[in-house]
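Step one of this worksheet: look at the structure below.
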Amino acid sequence: MSQAANLRERTVVIRPAIESDLVAINDIYNHYVLHSTCTYQEAPEPIEDRRQWLHRHGERHPVIVAEMGGCVVGWGSLSPYHARSAYRRTVENSVYVHHQHHRQGIGALILGDLIVRARHLGHHALIAGIDAEQIASMALHARFHFKKVGHFKQVGFKYDRWLDVIYIELMLDNSLNDRPPARQGAPSA
Ligand SMILES: CC(C)(COP(=O)(O)OP(=O)(O)OC[C@H]1O[C@@H](n2cnc3c(N)ncnc32)[C@H](O)[C@@H]1OP(=O)(O)O)[C@@H](O)C(=O)NCCC(=O)NCCS
């Protein structure tokens, strides 16, 4: 599945990530590791760890990229929310847009695409944990009707200060029917 959108006369293609995107994905992310509280990671992600992360994301947990003019300018992913089996239809999303390409509609394209994929894959609940200072991320998710479900106080400590995390959730499917999901790698029971 891939989609293209024309943002202010520039075509942005959303497509599944492949191995050759890893350096761009990691560079985009590591900027925020070093300069932002949007991730609580404090040391840059090594490329080998990023490679393993991509391989861990199977069919039910896609990684996508936004490509503009041949460059990866953002990425998003759906990750298992928890390894225990009864959480199998709950996923956590991540969205990162290159810091020089903010406010061009790329984050909205990525998140919109992730929501569509999550629905198609039969996931039921989509969760995001967002640092309380991240106005942009909160506003982006609010646009897609995520609702606040929790506020954890002072669970992070970065740049010499305590940080709060706000949990937000989007219900993807109102059915009570827990259709058996496609078999996946063996999570612990
Ligand atoms: C959050 C982030 C992904 C938004 O990406 P983006 O491409 O700049 O967002 P978009 O241009 O698609 O904006 C979509 C909407 O989000 C909201 N938004 C985005 N940035 C905002 C900001 N700085 N302040 C207020 N609202 C903002 C607006 O409602 C915006 O719609 P509008 O431009 O029509 O007003 C980007 O700022 C980012 O990568 N931040 C660092 C990483 C991060 O926090 N990721 C989320 C962790 S899951």
Side-chain angles (χ1 to χ4, degrees), residues 2-15 17 21-45 50 53-54 56-57 61-69 71-82 90-118 123 125-152 155-159 161 163-172:
S2 76
Q3 74 176 63
N6 210 288
L7 298 180
R8 293 177 202 152
E9 292 165 28
R10 277 169 298 183
T11 300
V12 176
V13 175
I14 304 286
R15 59 164 174 80
D21 298 322
L22 282 172
V23 169
I25 288 173
N26 219 30
D27 286 351
I28 290 168
Y29 179 74
N30 281 337
H31 170 84
Y32 297 110
V33 171
L34 296 175
H35 301 290
S36 168
T37 58
C38 70
T39 168
Y40 287 2
Q41 185 163 339
E42 295 176 287
E45 179 84 348
R50 180 61 71 188
W53 165 89
L54 180 64
R56 273 197 309 277
H57 279 75
H61 300 103
V63 178
I64 58 171
V65 293
E67 191 180 301
M68 188 167 68
C71 295
V72 171
V73 290
W75 60 270
S77 61
L78 297 177
S79 303
Y81 170 68
H82 199 292
T90 299
V91 281
E92 188 165 4
N93 76 268
S94 299
V95 182
Y96 288 88
V97 173
H98 190 287
H99 63 281
Q100 290 172 343
H101 292 282
H102 285 179
R103 295 315 285 265
Q104 297 173 23
I106 298 167
L109 261 188
I110 295 171
L111 184 55
D113 187 276
L114 287 176
I115 291 169
V116 169
R117 284 173 197 270
H123 292 302
L126 182 53
I127 307 275
I130 298 177
D131 172 71
E133 296 174 356
Q134 301 302 316
I135 306 299
S137 183
M138 290 299 294
L140 170 65
H141 286 80
R143 223 173 96 167
F144 286 89
H145 310 294
F146 280 72
K147 301 285 181 247
K148 180 174 171 179
V149 288
H151 188 138
F152 289 179
V155 288
F157 190 84
K158 190 172 180 180
Y159 305 136
R161 65 179 193 276
L163 300 167
D164 291 6
V165 173
I166 294 176
Y167 277 88
I168 55 177
E169 181 177 25
L170 179 70
M171 302 314 301
L172 297 167

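Order of listing sets the numbers, starting from 1, for every ligand and every atom in it.
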When you measure from the side chain of Tyr159 to the backbone N and O of Ser36, does any donor-acceptor pair fall under 3.5 Å?
yes
Excluding sequence neighbours, so at least two apart, what forms salt bridge (charged side-chain N to carboxylate O under 4.0 Å, His left out) with Asp21?
Arg15
Should we say atom NE2 of His35 is surrounded by more than 12 heavy atoms from elsewhere, each under 6.0 Å from it?
yes
His99 and ligand 1 - part of the residue with a heavy-atom distance under 4.0 Å
neither
Pairwise distance CG(Leu163) to CD(Gln134) - rounded to 0.5 angstrom
9.0 Å
Looking at Glu45, is its backbone amide N or carbonyl O close enough to the side chain of Asn26 to form a donor-acceptor pair, meaning the two atoms are under 3.5 Å apart?
yes
Would a 4.5 Å heavy-atom cut-off, applied to side chains only, mark Tyr29 and Ile25 as touching?
no
Does Asn93, backbone or side chain, put an N or O under 3.5 Å from an N or O of ligand 1?
no
Side-chain heavy atoms of Phe146 within contact of Met138, under 4.5 Å
no
Best match, Ile130, Asp131, Val95: closest heavy atom to atom 47 (C) of ligand 1:
Val95
Going by the order shown, which atoms of ligand 1 are within less than 4.0 Å of some heavy atom of Gly105?
10 (P), 11 (O), 12 (O)
His141 NE2 to Arg143 CZ distance, which is reported to the nearest 0.5 Å
12.5 Å
Can you tell which of Ala66, Gly107, Cys38, Ala108 gets a heavy atom nearest to atom 6 (P) of ligand 1?
Gly107
Out of Leu140, Ile168, Val73, the nearest non-hydrogen contact to atom 2 (C) of ligand 1 is supplied by Leu140
Ala128 to ligand 1, any heavy atom closer than 4.0 Å
no
Any nitrogen or oxygen of Val97 lying under 3.5 Å from a nitrogen or oxygen in ligand 1? Just yes or no.
yes
Report, in ascending order of atom number, the atoms of ligand 1 lying under 4.0 Å from any heavy atom of Tyr96.
39 (O), 42 (C)
Quick test of your reading of the structure: of Ser137, Ala142, Gly129, whose heavy atom lies closest to atom 1 (C) of ligand 1?
Ser137
Mark up the atoms of ligand 1 that fall under 4.0 Å of a heavy atom belonging to Gln104, in ascending order.
11 (O)
Where the closest heavy atom to atom 36 (C) of ligand 1 is concerned, which of His102, Arg103, Arg143 has it?
His102
